[in-house]
There are 2 protein chains.
Amino acid sequence: MSRGRTLADPATPPRPAQSRIIDAALELFAEHGVGGTSLQMIAEEIGVTKAAVYHQYRTKAEIVRAVADAELDRLESVLDEAEADAAGRAGDAAAAAVARVVDLAVERRRQVSTLLNDPVIGRLYARDARLLGVLDRLDRLLVGPGAGPESKVATAMLVAAISGAVMHPLVAGQDDDTLRTYLVRIALRFLDLPA
Amino acid sequence: MSRGRTLADPATPPRPAQSRIIDAALELFAEHGVGGTSLQMIAEEIGVTKAAVYHQYRTKAEIVRAVADAELDRLESVLDEAEADAAGRAGDAAAAAVARVVDLAVERRRQVSTLLNDPVIGRLYARDARLLGVLDRLDRLLVGPGAGPESKVATAMLVAAISGAVMHPLVAGQDDDTLRTYLVRIALRFLDLPA
DNA sequence: GTCTATAGACCGATAGAC
DNA sequence: GTCTATCGGTCTATAGAC
């Protein structure tokens with residue numbers, strides 16, 4: 001068995017090129033929108049040429065997919081953590097989920113909201129099974145076994161409220177800690193949970 | 001005094017060309033984002049050539065400004081109406097404002113949310129005095145004299161929730177009346193007001 | 001106020017050398 | 001995996017006729 005650089009080697013990430021591309025793309029999508037971001041801009045951001053980017057992704061649409069999928073991965077990880085947090089204590093699952101989702105949104109203020117509301121990505125994911133599955137899972141975490149069609153709308157609104165508020169001009173001046181505290185408190189009140 | 005077509009003649013609007021441009025642009029911005037919308041698309045939407053559009057607005061940036069300003073006009077009018085509605089009865093101002101803002105958002109589902117969250121427009125208006133003034137006014141209408149940093153976060157969440165929900169796939173199937181009713185109920189819960 | 005025509009830059013995407 | 005070079009097409013914006 002060879003000892004050199006392999007796919008499983010943790011010291012050297014398997015695909016630095018691809019993750020550098022999606023990191024740069026995410027930043028630029030958030031700044032200029034998907035439609036306003038060119039492959040040229042992405043390539044320049046990471047210091048290579050367009051052709052090098054095309055070596056990793058065959059089309060711009062594939063890059064958009066990869067960026068959005070990576071963000072979905074983050075949301076799924078956060079839900080995993082929330083479930084682990086509240087393992088066994090059913091009542092705490094909702095509070096843990098709220099705290100984790102708020103953390104994620106505040107930590108990534110600049111990227112999250114624009115990405116979530118971009119019309120290109122919106123159309124791409126409106127009927128995406130994985131996104132709908134993650135939202136369902138969040139819905140069950142928040143309202144427990146009583147989840148139904150109405151609570152799904154409320155969950156969608158809460159997600160929109162949190163992700164939209166972190167970039168809103170009204171809260172532009174707030175530091176992260178203060179914003180986190182307010183968001184969690186208001187979200188819990190919205191869900192009729194004890195603060 | 002001549003009796004023909006004048007600027008004040010209500011039968012023939014003074015500048016149909018400009019309003020047709022911003023109407024078309026608003027629709028296309030909402031569908032493809034600002035960066036994904038070209039002057040060619042706007043011109044085709046209203047059945048003229050690019051040059052005709054450039055005769056009205058010298059740059060694309062001017063069109064973006066005009067579209068966003070027109071939307072701000074709408075929000076200001078709605079706040080005017082809400083204040084008139086609740087004149088003298090201080091407690092009703094918030095409920096009137098919620099109802100009016102929800103009406104505006106539902107009536108213009110397709111346009112409002114994307115426009116509000118577009119990164120290009122966001123950066124253009126993040127520090128715009130008029131926008132911040134309108135949002136502060138909304139904040140005071142909603143929470144009265146107790147407005148502070150936390151209520152601003154709540155107001156931001158409410159605006160984001162309403163504008164995000166009206167375009168959300170989970171809500172896309174709802175008819176306008178049902179959506180209005182549900183949004184008002186949820187909004188009042190956000191604000192801790194009696195339904 | 002609308003048109004045709006065009007300039008010059010940039011777009012997404014590909015070919016082929018190293 | 002990165003490069004140079006290039007394709008055909010679209011972009012913003014302008015010039016000038018009607």
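Chain identifiers are assigned alphabetically (A, B, ...) following the order of the sequence lines, protein sequences preceding nucleic acid strands; residue numbering begins at 1 within each chain. Keep in mind that what you see is a predicted model, and the values were worked out from it rather than measured.
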5' to 3', nucleotides 3-18 of chain C under a 4.0 Å protein heavy-atom cut-off (B base, S sugar-phosphate only, - none) gives BB------SBBBB---
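Between the CD atom of A:Q18 and the C1' atom of D:dT2 there is a distance of 15 Å, given to the nearest Å. Atom-to-atom, CG of B:L28 to P of D:dT10 comes out at 17 Å; the value is rounded to the nearest Å.
A salt bridge is absent between A:D175 and A:R180: the closest approach of a Lys/Arg side-chain nitrogen to an acidic carboxylate oxygen does not fall below 4.0 angstrom. With respect to the salt-bridge test (charged N to carboxylate O, under 4.0 angstrom), the residues A:D128 and A:R123 do not qualify.
Within a 6.0 Å radius of CD in B:E76, more than 12 heavy atoms belonging to other residues, nucleotides or ligands are found.
With sequence neighbours excluded, no residue forms a ring-ring contact (aromatic ring centres under 6.0 Å, His included) with B:Y57. Under the side chain to side chain donor-acceptor pair (under 3.5 Å) criterion, A:E62 pairs with no residue at all, not counting sequence neighbours.
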Check the pair B:D80, B:R100 against salt bridge (Lys or Arg N to Asp or Glu O under 4.0 Å), reporting the backbone distance first and the verdict last. CA-CA 10 Å; B:D80 289 341; B:R100 296 283 188 172; over 6 Å; no
For residues 39-50 of chain B, tabulate all N or O donor-acceptor pairs below 3.5 Å that involve a side-chain atom, not counting sequence neighbours.
none

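Within the structure, the ring-ring contact (aromatic ring centres under 6.0 Å, His included) test picks out the following pairs touching residues 172-195 of chain A (sequence neighbours left out): A:F190-B:F190.
Base pairing in DNA chain D gives the following stems of 3 or more Watson-Crick or G-U pairs, range against range and under 3.5 Å: C:1-18 with D:1-18.
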